[in-house]
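Please read the structure below before turning to the comments.
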Protein chains: 4
Amino acid sequence: MKQQEPTAILLMHCPDQPGLITKMTDFIHVNGGNIIYLDQHVDRVQNVFFMRVEWELKNFVIPTDKIEEYFTTLYAVKYQIYFRLYLNDYKPRMAIFVSKMSHCLYDLLARYTAGEWNVEIPVIISNHPDLQQVAERFDIEYHYFPINKENKAAQEAAELALLKEKKVDFIVLARYMQIISEQFIAEYPNKIINIHHSFLPAFVGAKPYHAAFERGVKLIGATSHYVTSDLDAGPIIEQDITRISHKDTVEMLVYKGQDLEKIVLSRAVEKHIQRKVLTYKNKTVIFS
Amino acid sequence: MKQQEPTAILLMHCPDQPGLITKMTDFIHVNGGNIIYLDQHVDRVQNVFFMRVEWELKNFVIPTDKIEEYFTTLYAVKYQIYFRLYLNDYKPRMAIFVSKMSHCLYDLLARYTAGEWNVEIPVIISNHPDLQQVAERFDIEYHYFPINKENKAAQEAAELALLKEKKVDFIVLARYMQIISEQFIAEYPNKIINIHHSFLPAFVGAKPYHAAFERGVKLIGATSHYVTSDLDAGPIIEQDITRISHKDTVEMLVYKGQDLEKIVLSRAVEKHIQRKVLTYKNKTVIFS
Amino acid sequence: MKQQEPTAILLMHCPDQPGLITKMTDFIHVNGGNIIYLDQHVDRVQNVFFMRVEWELKNFVIPTDKIEEYFTTLYAVKYQIYFRLYLNDYKPRMAIFVSKMSHCLYDLLARYTAGEWNVEIPVIISNHPDLQQVAERFDIEYHYFPINKENKAAQEAAELALLKEKKVDFIVLARYMQIISEQFIAEYPNKIINIHHSFLPAFVGAKPYHAAFERGVKLIGATSHYVTSDLDAGPIIEQDITRISHKDTVEMLVYKGQDLEKIVLSRAVEKHIQRKVLTYKNKTVIFS
Amino acid sequence: MKQQEPTAILLMHCPDQPGLITKMTDFIHVNGGNIIYLDQHVDRVQNVFFMRVEWELKNFVIPTDKIEEYFTTLYAVKYQIYFRLYLNDYKPRMAIFVSKMSHCLYDLLARYTAGEWNVEIPVIISNHPDLQQVAERFDIEYHYFPINKENKAAQEAAELALLKEKKVDFIVLARYMQIISEQFIAEYPNKIINIHHSFLPAFVGAKPYHAAFERGVKLIGATSHYVTSDLDAGPIIEQDITRISHKDTVEMLVYKGQDLEKIVLSRAVEKHIQRKVLTYKNKTVIFS
């Protein structure tokens, strides 16, 4: 899914008012940009306008490094627009955090290695040594940070230093079974993607498959969301479910859930990499 | 799906031990019964054996009205078997409770009228007069019992008297928006089927679509379960989900949920009518 | 899902070129219309631009009955735009064709009676008398046109006369098991919606469930499409599937398929009523 | 999903007659075997009885290497039973055939490496050199057999020799884009599992995603089946679908289909490894 031509992607939201689409597209059109993607959404409860627009930069008259400044001056201030601008020639840098289970990690690395995503993965971080070998198979650095109550603050500081050194833009928790501190999360707001092995908000917290088994549900789910300081309560990016029956033991749920987890997580990561996720008040807008 | 030949259906569970299938099928086989269905399940955590077996009665040597007695004497006492015996020539009698929304009611009545189910529906009961006209379209008695705090006990007593008079075997709450008292439930244990408009255990209680919207989930669900004294916490019979997006307002969720609710409820009612549901410790075994 | 304020809906497609969104929205915006919905799509293979836009007419300066003329003069000619304009205060008129099976008919009528759709159903037409009673339950005219090789042309002419008399805008074939002639179809191009009981293009033609059973598929499907002169080959509006197993007989497939058929057909009809379907070269664009 | 205790698995089918379950379970029970799994099915059209039964061998009085002989003598001849006996302490040996796409291969190898399946993978065979590196990552032998019209017979003979040398029990075609000859298939009847990238029987043959795009379907599918001499027409093991829209280009279909293909193939391979698939007249019985 590689894009060849240089493009700019604008993600934005602002208070709704008539004529916004015309004004926004006009900015691109009159300055020589060719729009190749546009999706918008109006939240009529909150009265907020959301848009994702992508255009080719080839004949765009505003210099690439000035687009942010021009858009801010001409539009953002006037219409109270919150926006982010991305260039498709930049490969975002992603760190993966794992513990002991390999299924999500393999799925991410298989896609990465096959060149499916516009992303770099400079580092894998773990609180266990178990998956070092997987990292080696794919020639990616693996850093082991054992964590306990006493060393948690120090280890997280070391992790953050490593992430900074590796210029990491966002983090994927690929079944990382360790709660991340509020301070750590604050360094990557809406930039840490987790996979929780339940259909949230059902079965928050530890051992959701055991809880699902106890309750006797007929479907199990998985939820990928941005991590916030509220456990398993951040903005949901993607969810899916699979059917189970009374024949399934807890072990079967854990096993069946793995396919769900890896696909749901990868879909969420892909949307993030493609700049198709916009968060607003603990919810996400997922552009088409 | 009508069955022609007279058959008996045995639903049972007991502590597991080797040889149970042989013994149970032997009871039918040596007495001239032809088994046309068998499904069993062993819960290895609880160590319980579950079975549903159906056989043709044509050449069965034990008189139909003696099967229960013989099975009790020869097997049930010895192996601590809990069982129920059903004959396929009896049409179970089902009451429907509704409030104001018609979608589940129409779906149930369309199936009933088309002769899809081996069931009689002698009465529809409601706490609102709104759906009287629907009942009339299908020539089914409609009884209106307005309920408030003061009259609840009396009205429920009147409802129970009516259900007794109509010889009702089980009750379907087709979006009946009124909590049923513990005393009422005790009269129909595991015989009241509800449809809750969420993927339980997420969003228990009132206004689940509003709660789903607030949380920003990407799927909404519906759950059909037997009613127990714990609100929305009884044994789950069937669940399903449908995909939603940030574009869906609460009203859209309510609307999209209706198809889900009616299909999930009807599937659960069908399983119940077909004697394919066995409850055990707040969970269900759903035979194939 | 009723809309209160008068709005206009424009469905259009034309050869793609830069700036179309700006121009189209400008037409509405500068003339005082408030856009409440916009979805567009560019087919980069065919190089065609598709758009659906809806706006409030309250302050729109072009008189409602002149919008088509103005849009044609100012835009359609210039940009080779094919378009349709709809006003939300007009209730489209829908005829239902049935044969002997009632499940789709009940589902359509339940929604209609509950007021879910902005539609009128003045007439039900059938080649069998069987479902007359269903029509009566809902107080809708039922016309019985028995059809055989000899009388087909005459009967279809009579049907067309009736449809004209009832001012029918579009037709829904709710499991109507009679092939419609090319001449008849030509009177309602892309205005006859059929439900085929398979996952097209698999199992075209008669007895698809038998064919599915023979092939041993693990999923069965249903497909709603516009009727063209090629049997089961018209533009697909909606499809869905359900899981089956080796345990399912042909009769079970027929039965399980019914829920699928009615939901898929109703979803397609709803999209059509909401003016969210645009056909182009035997395919559909389904707006969000 | 490892099993610890030694067990035997019997897969069988025979003409149906009363009392078969009793007789079959009796064979195990009276000889000291403890049944831990039983699933049966009666095809009432063909009048065939199917069963899968698994029992613990610990106290089974018939020596393991004599079970086949005893069962043949005592039952199989008498009841015309076709059966296969498997012991859970044998790891079946699986070869993977690939061409250029890696997604299915990675999914299989990730599961294998994580120890999810009771299987050995001694060799990967390809008609292209592209995926050699993937094999190396997982330390599995990779053999490259370039194939053209002239050398096809010779290369297939060489492949068969290699498979024999590696004692391969069954083959998985993980997006292997080369038609296998009838002679080759005859060596592995119902032992070659393919993944076809469509919802069969729709879009048989080459380029199914292109065909799906052309037809304008709203769902794409994947089908895993045993390979027979009829192209894409062998017994279906597993199928699934995913939703697409008019926005999806052919490239998007190819990409979205990859997740489907790998999950569907892995589910089919898993069922095969677990000895849960029985083929009969070009269809499969998939035990629970």
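Quick note on labels: first sequence line is chain A, next is B, and so on, each numbered from 1. Computed from heavy atoms alone, side chains included, the values below leave out hydrogens, waters and symmetry copies.
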Contacting region of [X] [heavy-atom separation from chain D under 4.5 Å]:
| X | result |
| --- | --- |
| C:Asp248 | neither |
| C:Tyr280 | neither |
| C:Lys218 | both |

Short N-O contact, C:Lys247 and D:Asp39, less than 4.0 angstrom
yes

Pairing of D:Lys256 and D:Asp259 as salt bridge, 4.0 angstrom limit:
no

Short question: side chain of [X], backbone of [Y] - any donor-acceptor pair under 3.5 Å?
| X | Y | answer |
| --- | --- | --- |
| D:Lys271 | D:Phe287 | yes |
| C:Thr25 | C:Thr22 | yes |
| C:Lys276 | C:Ser288 | yes |
| C:Asn88 | C:Thr7 | yes |

May I ask you to name which of C:Val285, C:Thr249, C:Val42 has the most heavy-atom pairs under 4.5 Å with chain D?
C:Val285

Quick one: which residues of residues 194-206 of chain C reach chain D at under 4.5 angstrom, heavy atoms only?
C:Phe199, C:Leu200, C:Pro201, C:Ala202, C:Phe203

Interface residues of residues 226-243 of chain C facing chain D - non-hydrogen atoms under 4.5 Å apart:
C:Asp232, C:Ala233, C:Gly234, C:Ile236, C:Ile237, C:Glu238, C:Gln239, C:Asp240, C:Ile241, C:Arg243

Should the pair D:Phe50 and D:His41 be assigned to parallel (<30°), tilted (30 to 60°) or perpendicular (>60°) ring geometry?
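Ring orientation of D:Phe50 relative to D:His41: parallel.
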
Between D:Phe170 and D:Tyr188, does the ring centroid distance fall short of 6.0 Å?
no

Taking the six-membered ring of C:Phe213 (Phe, Tyr or Trp), confirm whether the NZ or CZ of D:Lys283 is under 6.0 Å from its centre and within 45° of its axis.
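Here D:Lys283 passes the 6.0 Å and 45° test against C:Phe213.
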
Can the positive tip of C:Arg275 be found less than 6.0 Å from the middle of the six-membered ring of C:Tyr86, inside 45° of the ring normal?
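Pair C:Arg275/C:Tyr86 counts as cation-pi.
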
C:Phe49 and its side chain to side chain contact (heavy atoms under 4.5 Å, CB included) partner, picked from C:Met12, C:His13, C:Gln17:
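Going through C:Met12, C:His13, C:Gln17 one by one, the side chain to side chain contact (heavy atoms under 4.5 Å, CB included) with C:Phe49 is satisfied by C:Met12 alone.
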
Please tell me if the side chains of C:Asn47 and C:Pro15 come closer than 4.5 Å, counting only heavy atoms from C-beta onward.
no

Which portion of D:Thr284 sits near chain C, non-hydrogen atoms under 4.5 angstrom:
both

